[in-house]
Structures are given as C-alpha cells and as structure tokens.
Amino acid sequence: MLIRVIGAGVAGLCAAFEIARAGLARGAAVEIVDAAPAPGLGCSYHAGGMIAPWCEAMQTEPLVAKLGEEALAFWTRDIAVATVAGTLLVARERDRGELIDLAPRAEHCERLGPERVAALEPALAGRFSQALFFAQEAHLEPRAALRALHDRLAGMENVTLRFGAEATAARPRADWTIDCRGFAARDALRELRGVKGEMLVLRSEEIELSRPVRLLHPRHPVYIVPRGGGLFMIGATMIENEERSRVTARSMVELVNSAFAIHPAFAEAEIVETGSDVRPAFPDNLPRISRRGEALYINGLYRHGFLLAPALARRAAQFLFEGHVFPEVMHADQGERRADRDRGADAREAARGAGLW
Amino acid sequence: MTTETTPLLLYDVPVSSRFLLGTARYPSPAILAEAVRAAGAKIVTVSLRREAGASRAGESFWSLIRELGVRVLPNTAGCRTAKEAIATAQMARELFATDWIKLEVIGEEDTLQPDVFGLVEAARALADDGFAVFPYTTEDLVAAERLLDAGCRVLMPWAAPIGSGRGINNLFGLRALRAHFPDTPLIVDAGLGAPSQAAAVMELGFDAALLNTAVSRARDPIGMARAFALAIEAGRAAHLAGLMTPRDMAEPSTPVLGRAFDEGLGA
C-alpha cells in the first residue's frame with residue numbers, strides 16, 4: 001500500500017510520520033511530495049511554535065484544547081524538540097479588564113501576583129502586577145522542529161521524501177493521497193480562506209525570557225517567544241485578507257509597540273527578520289479532515305499548526321489502518337454540505353449523516 | 001399598547017431591527033453568522049481599510065459577510081485623514097455595491113476619538129458624491145450641526161470610546177443631542193458594554209444601537225447577541241410607552257388616607 005502525502009509543512013510531516021509509524025508493520029509505504037526545495041517553507045516557517053492548548057482554549061472552541069493537549073506529548077516525547085516552561089499571560093494595568101474577563105475561562109493555570117511574576121521572569125519584575133501562568137505548556141522553534149521531524153522521517157525505512165517535485169506528476173498511483181497543502185489546497189476546498197499573519201524577529205542581549213509571554217490588549221494582542229541566542233519572535237497580526245508576503249508598516253508599528261510595552265529595552269533591539277503569510281482556515285476556524293474518494297484533506301489548522309497537527313495526523317493514521325472515524329474533525333465532501341455552510345456543529349452533523357465515512 | 005407607527009428610516013430605507021452589529025474579532029466567521037441571526041440584526045458593519053491590503057485581498061471574508069443576507073454598512077475604520085476615508089469609501093461602494101458608508105476619521109489613537117474636523121470634511125465630499133453617510137461622531141452639538149449641514153441625514157454618536165464598554169459617558173450630552181435633533185435618526189455607535197447600557201440609550205430615545213466588542217469578545221457571542229437584542233427591544237418599548245420621571249419622595253401606589261380600616265387602630 002502506497003500513501004502519498006502532499007505538502008511538507010507541519011501538517012504534512014506530522015501526517016507522514018504517524019502514518020509511516022503505524023503502517024510499517026502493515027507494509028505501508030509513505031511518500032512525501034512537496035513542490036518546494038525543502039520542508040517547512042510554507043506558513044509553518046513563520047509560526048510562533050507555542051504548544052499552548054489551555055491558553056488558546058480561553059479564546060477558541062474546546063476542540064482546539066482537546067486536540068492540542070496531544071501535541072504536548074508529541075513534541076516532548078515523539079519528536080523531542082519542545083521546552084516545557086509554561087506560558088505567561090500579562091496585561092498592562094490599563095488593560096487589566098482583558099485579564100479579568102479571561103481568568104474565569106482559564107484551566108490548568110494559576111494567577112500570579114507581582115512577586116511570582118518577578119520570580120519567574122526577572123526581566124518583567126515591577127512591570128506587571130498580575131499574570132496568568134500555564135505551567136504545563138511548551139514552546140519550540142518551528143524551523144528546528146520541522147528539520148528534526150524531517151530527519152526522523154528520512155531515517156524511516158518505509159518513507160520517501162521528494163522535494164522540488166509536482167504531486168500531479170507523481171507515479172505510481174497511490175492507494176491513498178493525504179493532501180496537506182494548506183492554503184494552496186483552496187483549488188479543492190472552496191470553503192478555505194486565508195487569514196494573514198505578520199511576525200518579526202528581534203535580537204536583544206539586554207532581555208532574557210524563559211518562556212513565551214503573551215500580552216493582552218483590546219486591539220493588538222501580541223506574544224513574544226524566546227528563541228535563544230538573544231532572539232525573540234514577536235507575533236502575530238490577524239487580518240482577514242489573503243496577501244501572502246506584504247509586511248505593512250502599521251503591523252510592524254503595532255508589534256514593536258507591544259514588544260516595547262512588555263519591555264522597553266526592545267526599542268533598542270535589532271530587527272533580524274520580518275515575515276508574512278496566510279493561515280488556512282474554514283469558516284468555523286476549526287480543523288478538518290475531509291475525505292473525497294481515496295483522498296484525505298487535512299486542513300484549516302488556522303493559527304494552530306504545531307498545536308493541532310499531531311492529533312490530526314494520528315486520527316488520519318487510525319482512519320487509514322483501523323477504519324476509525326472521528327466525527328469531531330472528519331468531514332464529508334464539501335459539496336455535500338454546501339447548504340449547511342456556516343452552521344458549525346450542525347454542518348458536521350449533516351456531513352456524518354451523508355454516510356461518506 | 002404603544003407600538004411603532006412608522007418604521008425607522010435610514011436614508012429612506014425602512015429598517016426592521018434597531019440592533020446594528022459589527023463583524024470584527026469574533027472567534028470565527030461561523031460564530032459571527034450565528035450571532036447576527038441571534039441578534040436579529042438587519043445591518044452589519046464591515047471594515048475595509050486594512051483588510052483590503054494592496055490588491056483587495058480580503059475577498060474571502062467579504063464574501064462570507066455578503067452571504068449573511070443582511071444589508072452591509074461598510075466602514076472606514078482605521079482611517080486617520082479625510083482623504084484616506086474618502087478613498088476607502090469609494091472602494092467600499094465598488095466592493096459592496098452600496099452607497100452607504102459608516103464614516104470614521106480617527107483623531108486620537110489611544111481613545112479612537114473621532115476627528116470631527118476631518119469627519120465634516122470627508123462627510124461633505126462623500127455626500128456631494130452621492131454617498132449616504134453615517135458619521136461616527138461625539139456627542140458635540142456643533143459637530144452634529146456641521147455634519148447635517150454637510151449632507152448627513154443620520155448621526156452615530158458615541159456613548160464612550162470604542163471597545164471601552166463603559167456605557168453612557170456623558171448623559172447630559174446625549175440627552176441634549178437627542179433633544180436638539182428630534183427628527184434625525186441617531187444611532188449610538190460605540191462604548192456600550194452591557195445590555196442594560198443599550199437599554200438605557202434606547203430609553204433616552206435613540207433610534208438604534210451598534211454593538212461589536214461586547215458581543216464578539218463575550219465568552220458566548222451568540223448568547224450575548226440575544227441579550228442585547230432583548231435589551232434594545234425593551235429600551236425602545238419603554239421609550240414608546242413613556243417612562244416615569246424619578247421623584248424625590250415615596251409615592252405609595254395605594255393612597256393611605258381614606259382607607260376604611262387602619263390596622264394600627266383596629267379592634
């Protein structure tokens with residue numbers, strides 16, 4: 001049995017890994033095809049790399065946290081690249097309403113006063129009088145993580161990796177195709193839209209942070225992820241448009257301003273990199289595994305690529321080899337549910353009824 | 001029972017719901033769609049300035065908005081000069097095939113307070129160009145007068161700064177605005193955080209209320225949309241029914257004098 005995975009971003013590499021791992025004893029071979037010359041050059045390249053299921057859960061649907069919890073084990077054990085140092089959520093005094101509103105929705109977290117904030121992150125001492133701390137959350141460097149995943153795949157006997165190759169020309173015919181092209185799959189998934197995100201990387205030797213710090217703000221929430229070596233990734237804007245690579249001055253002003261609000265020394269930091277891409281999302285901003293014949297489309301990971309890819313990959317593998325169906329993420333062909341567009345859970349119900357699984 | 005005798009007319013268009021809803025910052029477009037339904041809103045606002053990008057790249061989201069099946073009131077949020085706002089309005093007219101424009105010219109980045117000078121300038125240019133202008137303004141009477149002179153036939157005063165959720169910041173100012181312009185549709189645009197605050201502005205006789213943040217950032221945006229819908233309806237009904245004026249003294253609803261029996265002296 002040949003399974004061809006198209007797309008070597010975080011969704012595709014995770015899918016290939018779980019399918020190859022589960023398929024080895026069953027004689028299944030996995031081929032990964034990507035038109036790009038190397039893995040992880042799509043929107044995974046600009047990801048924050050926060051494995052923060054409970055932080056995200058406060059502002060998304062419960063499904064994201066449920067699937068995201070599996071990512072903690074994946075990125076700390078299966079592909080051990082993540083650091084578990086927690087997430088610190090802070091707000092400036094004038095925006096404390098944001099923190100107060102979110103606190104009751106938070107799970108797996110504790111409220112910290114100024115002393116605990118200072119103890120955890122000395123650089124923030126005296127700057128924030130209260131914070132939420134999600135101790136069990138992790139962060140990783142996305143590019144290193146995908147290199148590690150790629151290298152692991154390259155060492156597996158039933159895996160072939162082909163870069164700079166077109167999937168349409170791939171031979172022989174695969175038994176199953178797993179389409180993980182992200183936003184590029186819009187030619188097949190018409191409900192998919194792009195949500196633009198911009199980021200930048202700063203270098204400062206004056207500031208040390210041990211974990212991602214998220215700053216709540218009524219209009220421009222921002223996060224800072226320490227990348228080591230004095231590098232800090234600042235992200236990310238969320239704009240409802242589909243421009244892939246245009247970084248705007250306004251967005252940079254907002255991100256730098258927010259970084260400055262977290263620590264004034266960021267004003268003197270060097271701008272090392274700016275980046276922009278679009279996140280693939282469905283109307284409910286939730287991920288889907290859609291089936292069409294012998295093809296599975298894993299898509300709609302939105303701003304949660306590294307958080308959701310492991311759980312989706314595992315479900316795809318269990319479907320292929322054991323026939324398990326996971327209604328919470330599995331969708332029948334889009335055409336079947338056109339009329340149910342925008343109805344979220346109802347639409348998923350209808351898709352289940354369509355009997356395509 | 002006092003009921004509406006004539007529907008609310010906005011630029012001669014009858015509007016059956018007095019609840020206008022903004023479309024920014026919902027957890028997802030699907031939840032936005034549910035919130036619009038729960039609100040019973042017939043008009044939604046949508047921002048263009050930033051989403052348009054360099055090549056009108058916001059089309060996917062805008063088509064989701066169009067599919068809501070309600071009237072779209074594009075806005076010029078994020079514009080800081082009259083010129084920017086005018087260009088955004090012209091693009092909006094083309095994209096949404098509507099002359100309606102919610103005009104925002106922001107003068108102060110921290111409070112997002114309207115720049116009423118730029119607002120009047122842009123309103124005049126747009127009204128002359130055939131737009132139906134809905135200006136986001138303060139409660140300032142003179143600014144309101146100038147906007148009407150410029151050709152606006154609807155005003156959208158704030159209750160408090162955008163997204164602040166503070167409710168009515170200047171009760172006297174809003175009352176004065178209502179009293180000075182009894183025949184102009186006045187839609188309270190910004191700063192409402194709780195349904196009770198929306199009910200309060202409707203009780204003052206404002207014609208409609210526009211909500212965004214209080215709904216979109218609620219734990220349950222759909223539930224909050226319904227709560228505001230009920231409050232706006234209640235406030236409007238109360239205004240029509242005639243509210244009592246608060247008194248300084250207690251006034252028992254049953255007179256004490258003249259009662260046949262007084263328990264204190266009873267047998």
Side-chain angles (χ1 to χ4, degrees), chain A residues 56-61 64 94-95 97-98 101-102 104-105 183 186 190-196 198 216-221 237-248 250-251 253-254 257 276 278 280-286 300 302-303 338 340-348, chain B residues 23-37 46-69 77-80 84 95 106 109-112 161-166 190-191 193 212-214 216-222 224:
Chain A
E56 289 298 326
M58 293 187 297
Q59 301 184 69
T60 57
E61 297 197 37
V64 172
R94 49 177 286 182
D95 300 325
E98 304 280 324
D101 284 353
L102 285 180
R105 309 180 199 174
F183 187 56
R186 187 146 75 156
R190 61 185 161 198
E191 282 190 294
L192 205 62
R193 77 184 196 289
V195 181
K196 182 178 177 178
E198 295 145 286
L216 292 168
H217 185 279
R219 297 194 296 279
H220 318 302
T237 57
M238 283 206 284
I239 303 170
E240 286 284 355
N241 79 29
E242 297 174 343
E243 284 186 324
R244 287 203 62 181
S245 57
R246 204 175 69 101
V247 176
T248 68
R250 175 191 293 209
S251 294
V253 166
E254 285 172 7
N257 261 342
S276 168
V278 295
F282 290 111
D284 56 7
N285 288 350
L286 293 175
Y302 184 43
R303 49 192 297 261
R338 181 79 179 163
D340 294 305
R341 184 173 201 150
D342 282 347
R343 276 194 216 141
D346 292 346
R348 289 198 287 280
Chain B
T23 57
R25 302 185 70 215
Y26 288 78
S28 69
I31 289 174
L32 160 63
E34 286 287 356
V36 170
R37 274 189 277 273
V46 59
S47 67
L48 292 181
R49 175 76 179 99
R50 193 171 194 184
E51 289 70 14
S55 53
R56 303 183 180 188
E59 194 47 52
S60 287
F61 183 69
W62 296 332
S63 52
L64 290 173
I65 299 285
R66 287 191 202 98
E67 285 169 23
L68 294 172
C79 292
R80 286 147 219 241
E84 227 184 324
L95 281 169
I106 297 305
E109 188 54 28
D110 218 34
T111 59
L112 302 180
I162 295 175
S164 67
R166 304 196 74 88
N212 192 338
T213 308
S216 66
R217 306 302 287 171
R219 187 172 48 75
D220 171 9
I222 301 160
M224 192 58 84

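Atoms considered below: every heavy atom in the structure, side chains included; atoms not considered: hydrogens, waters and symmetry mates.
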Does the pair A:E56/A:R303 count as a salt bridge with the N-to-O cut at 4.0 Å?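 Looking at A:R303 together with A:E56, the answer is yes, because their closest N to O distance falls below 4.0 Å.
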Side chains of A:E191 and A:P283, heavy atoms from C-beta outward: is any pair under 4.5 Å? yes
Side chain, backbone, both or neither: which part of [X] has a non-hydrogen atom closer than 4.5 Å to chain A?
{"X": "B:R217", "answer": "both"}
{"X": "B:A24", "answer": "neither"}
{"X": "B:D220", "answer": "neither"}
{"X": "B:L112", "answer": "side chain"}

Please name all residues satisfying salt bridge (Lys or Arg N to Asp or Glu O under 4.0 Å) with A:R244, sequence neighbours left out, ordered by chain then number.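 So A:R244 forms a salt bridge (Lys or Arg N to Asp or Glu O under 4.0 Å) with A:D277.
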Using a cut-off of under 4.5 Å for heavy-atom pairs, which of B:G78, B:S164, B:S47 has the most such pairs with chain A?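 Among the listed options, the one with the most contacts to chain A is B:G78.
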The criterion is side-chain contact (heavy atoms from CB on, under 4.5 Å); which residues satisfy it with A:A281, sequence neighbours excluded? A:R193, A:V195, A:N285, A:Y302
Give, as side chain, backbone, both or neither, the part of A:R94 having an atom under 4.5 angstrom from any heavy atom of chain B.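 The answer is the side chain of A:R94.
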What's the shortest heavy-atom distance between B:A214 and B:G193, and which atoms?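 Scanning both residues, the minimum pair turns out to be CB-O, 3.5 Å.
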